Structure formats: C-alpha cells, structure tokens
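Please read the structure below before turning to the comments.
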Protein chains: 4
Amino acid sequence: MNNEYIDKVEVKLISKPENMLKTLYTACRTCYSNKSPVEIYNEIEDNKDKMLNLITKVIASGHYSTIEHIQISYAISGISRACSHQLVRHRHMSFSQKSQRYVEEKGQFKYIIPKTIEKNEQLLKKFNSFMETTSKFYREMVEFGIKPEDARSILPNATSTSMIASLNLRELIHLCHLRLCTRAQDEIREMTQQMVNCLIEVEPWLNPYLVPKCEKLGFCDEHKSCGRKPTLNKQE
Amino acid sequence: MNNEYIDKVEVKLISKPENMLKTLYTACRTCYSNKSPVEIYNEIEDNKDKMLNLITKVIASGHYSTIEHIQISYAISGISRACSHQLVRHRHMSFSQKSQRYVEEKGQFKYIIPKTIEKNEQLLKKFNSFMETTSKFYREMVEFGIKPEDARSILPNATSTSMIASLNLRELIHLCHLRLCTRAQDEIREMTQQMVNCLIEVEPWLNPYLVPKCEKLGFCDEHKSCGRKPTLNKQE
Amino acid sequence: MNNEYIDKVEVKLISKPENMLKTLYTACRTCYSNKSPVEIYNEIEDNKDKMLNLITKVIASGHYSTIEHIQISYAISGISRACSHQLVRHRHMSFSQKSQRYVEEKGQFKYIIPKTIEKNEQLLKKFNSFMETTSKFYREMVEFGIKPEDARSILPNATSTSMIASLNLRELIHLCHLRLCTRAQDEIREMTQQMVNCLIEVEPWLNPYLVPKCEKLGFCDEHKSCGRKPTLNKQE
Amino acid sequence: MNNEYIDKVEVKLISKPENMLKTLYTACRTCYSNKSPVEIYNEIEDNKDKMLNLITKVIASGHYSTIEHIQISYAISGISRACSHQLVRHRHMSFSQKSQRYVEEKGQFKYIIPKTIEKNEQLLKKFNSFMETTSKFYREMVEFGIKPEDARSILPNATSTSMIASLNLRELIHLCHLRLCTRAQDEIREMTQQMVNCLIEVEPWLNPYLVPKCEKLGFCDEHKSCGRKPTLNKQE
C-alpha cells in the first residue's frame, strides 16, 4: 500500500473581502451615526487602531450581525466524507464539494485514517488492505458499466473529499464554538483549527473570538465537561 | 445473506400544523386587508373552497413567503448515507439524524442497494458479500476498543440511516423542483416522491405545485433535457 | 380624538404542530437510537413525563437543532411599524404583513402611543392631534389620485400594523434572548412576552427557556448591565 | 424649505472578494474534478476567458449554490424607511442600518419624496411643509426629555435612512428578479438598479443575470403582466 493515498486535511484561505476592516468599521458606525456610510468610509483613512477599537467592542457585546459583512472562502481538501457530512450541516455556510456522482475514482481512491486506528499497527494494516479491496470492487463495477453515482455506494466514510467552503465571520465564530469543543470529532476539530490559523495569520485581532463555546459562556453547557470549564450546577 | 438487512426508503408524515388551511388563508388575506388577522381567522369558518381559491392564486403568482407558515415533519428511514449527504444540503430544512458516532451497529448494519447493481445477479452477490465483510471488520474494530465514531470510517455510502426532517411548504416546493428532476439520483427522487405522496393524501390541492422545476418554468434549464420539456435555444 | 384609533399589541397563537411533544421526543431519540423513527414514535404512547425528561435534557445541553421541528404561528396586531421593522430583522422567521402599498387607510389610521408620551398629558394631546392632521393629509393625497403606496410616505412609525408571524422553537428562544432583554425597546418586549405567554399557557414546560440571554449566560454581555445580571470583568 | 433635506438614493460598492473570478471558477471546477481545489486555483493563472466560459455555463444551468461564494457589500444612503422595511425582508442579506433609537435627528431630518408627489407643485409644497412641522414636533419632544427611540414614533416612512448591506451573488440575482420587476415600488427598483450598475461596471459579464424574473422565466408569473412578457394561459 502506497502512502500517497493516505490523505490529510489541508486548508487554504483563498478569498476575503478587499476592505475587511474598513467595511466592518463602517458597518459598526453606520448604526450609531448621523453621517452617511460613504462619509464614514472615506474619513477613517485606514486608522487601524481606531477601527479595531470600535469593532472589538461591538463583537464583545455580542452584536454579531455586523460581522456578517465579512465572508471568507477556504479551499479544503483531505477530509473524509464523514467529516464533510458533519460540516455541511452548518446551514449558514456555502459549499461546492467534489461530486462522487460525476467524478470517477480512476485508481485507488484517497482516504483518511482515524488516529485511533493509525496507532494500532495490526488494525492499520487491515484498514489499508480493506481500502485496496474496496477500490478494486469499485473499479470492477465501473468497468462493468455501473455509473460512478451507483458504484460509489461501497465507498467508505473514510473516502477523501474536497470543497470550497465560504462563511461569514458570525458563522465562523459559531463553527468554532461547536467544532473546537473537545466533544467534536478529531477530524473536524483539526479542520476548524486550520481554518482559524489561516485567518489569524492575516487578521490576528480575531484570535480571542475563534474559540470553543465554553470560552464565551465561561462554563460548559454539555452534559459532561471535558474539564476545560466546569458545568453549571443548575444544569446537572 | 439475509434479506432483513436490505433496507428501502420509507417516509411517514408525522406532524403538520393544526390549522393548515386557516393559517395559510389568514396569512394571505392579512397582507391585503384592513381587518386584523384574528378577525380574518375567526370569520372564515372553515369555508374550504373560499380558502383554497385565495391560497392557490397566491401560490400561482410565486408569492411563496406566505406558504412558509406551514411546516411539515417527516420520519424518514431506509435511505443511504449518500442520499442523506445530498438531503442535508437543503439548508432551509431541519434534521435530526441517527448518529454514526453515538449509535453502535450491533450486528450486520442495514444498507441500500442501488437498482443498477440489484439488477445484476453476479454483482449483487458480491455487493452483499462485501457488506458482510465490512460489517465483520467494523465489529472487530469495535470489539478491539475502537470507538464507533472511528470504526464507522469503513462503513460505506450504502449504509442505511434514518432521520426526522422538517421543512416548510416553500422549501418542499423547492425540494421537488430539484429532486423530482430526472437529473436527481434515483434514491432521493423516490424519497422526495414519497414525501409528496404522504402529503397529497391529506392535502390533495397541493399536487400541482409539488413537481420538478421544468413544470414550473415550462422549459428545462439544465445543460441537457431528459425530454420532459425542451431547453431554451438562448441557453444552448 | 376617539380612543378607538389608539391601538395596543395583541398576540394570539393560531397554529402549532399536531404532535408537538411526540415529534420533539422522536427527533431527540432518533439521533441516539438503532430504532427507526417510526418505531420510536409508535412506542412512546404519549408518556409525557418520559418525553419531557429527554427533551429538556437535550435543550439544556444547547442542542437546539432538535427543537427546530416545532414551528408556531402567531397572529399579531396593534404593533407600530417601528416595531415591525425591528421584528422582521429576525431572518429565521416567516412573515405575512399588512401591506401599506395595497391596503388604503380609509379613515383615521390606527396608531400606537409610546408609554413615555402617553404619560405626559400635554404631549399626548399634541401627539393625537398630529395623527389626525397626518391622516387628513394622507386622505387628501389619496383623493387627489396619489396611490396609497406613495401617500403612505407621510404615515409615521407609530402607524399600527398586523401580521402572521411563524417561527420555530429555536428562533423563539433566540427572540426571547434578545427581545426580553431590558435593552430592547418597550413595545417589542411586550409583544415578545405575549408570544411567550400564549405558548406557556399550553406548553408550560417551555417556561425556563423563554428568557433574556443573561439568564442563559449567567452574565450580561451588553456594554452596561441593567442590573439583572452582572457584566464580566474581562469584557469591561 | 431648503433642498438639502431632500434625499436621493445613492449606492456605492464598498467591498467584494479579492479573487472573485478565481474563487468562482475554482468552486465550479471542484465539483467535477479529481484535482484538489488548491491545484485548480493555482493552475488557472487568471485566464479570464476560460474562467468565464465555465462560470457562465454553470449559472445558466441554474446551479446557483456556486455563486454564493461571492459576497458584495454596498453602502446605501438616501432611501426611505418604507424602502428599508421592504429591503430587510430579504433574509439572505446582512444589514447594518442607522438606528432611529440611538441616533437623534439634530435638525430637520432628511426625507425622500415619491415621484408622483414631486410632480404636483401644490402637494409638494404641502409635503415639504408637513416634514418641517413633523421635525419641529420631534425636536420639541426630544427637548422635553422624550428619548429619540420614542420621539421617532412620529417620523414618517419618508424619513431617510442609510445602511451597509451585504449579499451574495445568488441573493443579488433573486433581489433583481423581484425588485427590478415593474411590480416593485419605484424607490426599491431604483436602488436595486444602482446596485446592479455599480457591480456591472467592474464585472460586466454579470449583466445578463441581473434582470427581473420574467427575463429568466420567459413569462410573467404575476397576476397581471406589465407587458414586458406575457403571462401563461394556464395561470389566468
């Protein structure tokens, strides 16, 4: 079994708004000002400190509608179809995902190995060999004339997929609240963390908001806490 | 291989609003009346013909916001995870789906067989045997101590799933426009048709609206038509 | 000035799902069960305690997607256009509102008086007289041939409006979090409280969740607290 | 009456994605390719013709989910509160609007005059004078101690407002379908046309899609046609 078929999540930020801070600042001020948004936009002149001062106050107050004006697009590859099935449940996001109906897997399909299986040499060997067998049966069906959309019915959750995913800052914060939580599955946590890392690199001021929900709440509202924050007595 | 593991889509309408027609009628009239909605609601007195006369005019004019007031809940079982991955892309719907993370498959998991594979005796035999092998490997991993959330990485797209799905009439019309189209995959078409059938049984007047998009448009806007309606020249 | 033109908010619950608790319970259990939703639905047999025990646990854990299956419709009248402009900003709600374009105000239009103005006898008198003058100018324009859609440009924010509004339980909780907050304006708070009251009357178990956001958070995340809950130091 | 208080709609595009075409192209190809999105993104090298060739095919086929990746932000000013009440009904848009609760009108508030009233000299005079009277009563209440949030209850629909509004291309096409229709009110048609014009200036290839719905349908689905396209017999 060749390693090239073993895939790993990779996230790249491919697009963000041209005038991220100015757009955010203008949106925040428009709500509370007698000036027109164009005046506000023209006056601010890239004064970054002044802009961030207002923007971070508004976000801290939970007035999240303002940050919807910023939409970010990511290229995501090397996630399993199990992970993508979880991800597309975020209904405020936009997705363009590789189609298993229209894209035929020409050779061995790529797949993702869960860490707990990777750790165990014997299971790992069986896992890789299972993927090989599956790939052969898939190819057999396609060569027999079964369409990829039907042959794919044997492809496992581990099969690698890729997509362009776009979301606004409000939804990104929500995604982090849920998917950076210890309760989320490994793979989607890692993917979300990579999404955060890409963005923080260019917009480091966003760091304090891109956290699991317990950091916002100050407590854990799940049935059991992972230990990061305590649960509330009233909820036990 | 026992037939009991071969699953088929089954849809049951489990909930709709108590006062479907009266709610719809009141919503339609409220927009164009000086009377209060409560007056309108009380005056109509279950006059079904009068209610339907107004409601169908409003729907025919494409004023779909009114029909959002009607939400319907379905119990859906016996669809593949491939089908559910398509279905949850409908972002105006609400879903509660059986979790592969938390629900362990105790024996042979149930699965759906695509029709094109079912037709071929030899492939079908291999397909069933593949499912048996997969189930054994899944059980082996779980018994070894791998959590279901990771062991499920080998479960195929064909694995059966179930869910409660709710949507309003506007989204149901949209679902039909896309998923009753010949271009949609067999399984989701059949599921959507069953959703329609359940509802038409109790609300037959909805029949003309729960159709593929070409019936609304009068033409096919896909790249190639299935023949039901012609494409427009200007789009070719 | 006749009192009959002075309007007050009135909310009536006009529709909810036929099987509210059973639908919710089945949705909650489907996620964690090997049984099909129809089996779960049939087995529970209206055991209210058992149903509520599970449902309230799920809501307390913040797993709000389940409660989207319950949509409720309200008839709302006697709110100002200022209030309706705030309300329609809730984008997960569905609205059918009385149109000022198509519904002509035949006599004195109804209006809502803010409490702070109502309290002052002198201002109140001027306020009522202002509404009379406005109504006369509106009628003059309409009689001259100006369409209601243009004549309404002089109608004030205080003008009464009515609507059918539908929302699911998740959005109702969100509405309460924002609009029962002391920071919300009087009128929309009162309207929201009436929405809650109507529902609590028939589903009293929902009472603990239909509260301002500080009750969920345990603290106030606004810039200044009204005193109900303290703000967090880290946010000051 | 000074003309400076008479406001007119003004729209300025203030932000769009950095890599509009490349993002769109990559999204379109990701669905149908075995290449990873990053490979696709890197390979295309700003070949505009090749990108547009694919993108326009996808849009023509009605596969609108791809164009959600492009979000555009506009600064809008000089629209009436009647118009903004219509606009915020577009629930896929994001808005940051000037608050009448928190922004006090210090002098004569700005307002929009409907064209049908502007045309009639006598009505226009009365209209302007009505605005002056209203402004004086507003100021009187504020000076008496009434908060702007309550004093604004007398401000008319004609009062000018401003906002930052963001929407993706899919919603922009939907907005045009509804609001460029002859049936839409003058003011929102003009605002929408300005939104289109700003965008077409930098992305002229979008022109054929930013049209009233009858241009997409080939017929008018309203009760009565304006004459631009005929209605369908079956709907009459």
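Please read these numbers as outputs of a predicted model, since none were measured by experiment. Here is how names work: the chains are called A, B, and so on, in the same order as the sequence lines, proteins then strands, and each is numbered from 1.
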- Would you find more than 12 non-hydrogen atoms of other residues, nucleotides or ligands less than 6.0 Å from D/Glu143 atom CD? yes
- Item | Greatest number of heavy atom pairs closer than 4.5 Å to chain A - which of D/Thr66, D/Asn168, D/Thr23, D/Ile14 | D/Ile14
- Residue part contacting chain A, namely of D/Ser15, when any heavy atom lies under 4.5 Å: both
- Query: Counting only heavy atoms not in A/Glu10, do more than 12 sit closer than 6.0 Å to its CD atom?
  - Reply: no
- Task: Find out whether A/Ser77 and D/Val38 are in side-chain contact, i.e. whether some heavy atom of one side chain is under 4.5 Å from a heavy atom of the other.
- Result: no
- Item | Region of D/Glu104 that comes under 4.5 Å of a non-hydrogen atom in chain A | backbone
- Query: What's the spacing between A/Met20 CE and D/Ser73 OG if we round to 0.5 Å?
  - Reply: 11.5 Å
- Note on the structure: To the nearest 0.5 Å, atom OG1 of A/Thr26 lies from atom CD1 of D/Ile164 at 5.5 Å
- Message: Could you check whether any side-chain heavy atom of A/Ser96 comes within less than 4.5 Å of a side-chain heavy atom of D/His69, counting everything from C-beta outward?
- Response: yes
- Item | D/Ile40 versus chain A, the contacting section by heavy-atom distance below 4.5 Å | neither
- Item | Heavy-atom pair count under 4.5 Å with chain A, highest-scoring of D/Asn19, D/Val103, D/Ile72 | D/Val103
- Query: Counting N and O atoms only, with roles assigned by atom type, does the side chain of A/Gln71 sit under 3.5 Å from a partner on the main chain of D/Lys16, one being a donor and the other an acceptor?
  - Reply: no
- Answer whether the closest heavy-atom distance between the side chains of D/Ser162 and A/Thr30 falls below 4.5 Å. yes
- Measure distances from D/Gln97 to the heavy atoms of chain A and classify the residue's part below 4.5 Å as side chain, backbone, both or neither. backbone
- Contacting moiety of D/Ile76, where chain A heavy atoms sit under 4.5 Å: backbone
- Name the region of D/Tyr102, side chain, backbone, both or neither, that has any atom closer than 4.5 Å to a heavy atom of chain A. side chain
- Task: Heavy atoms only, distances under 4.5 angstrom: which of A/Ser160, A/Ser33, A/Cys31, A/Ser99 has the most pairs with chain D? Name it, please.
- Result: A/Cys31
- Applying a strict 4.5 Å limit to non-hydrogen atoms, the region of A/Leu167 in contact with chain D is neither
- Query: So how far is it from D/Lys98 NZ to A/Lys35 NZ, rounded to the nearest 0.5 Å?
  - Reply: 13.0 Å
- Check: A/Asn34 side chain, D/Glu105 main-chain N or O, donor-acceptor pair, under 3.5 Å: no
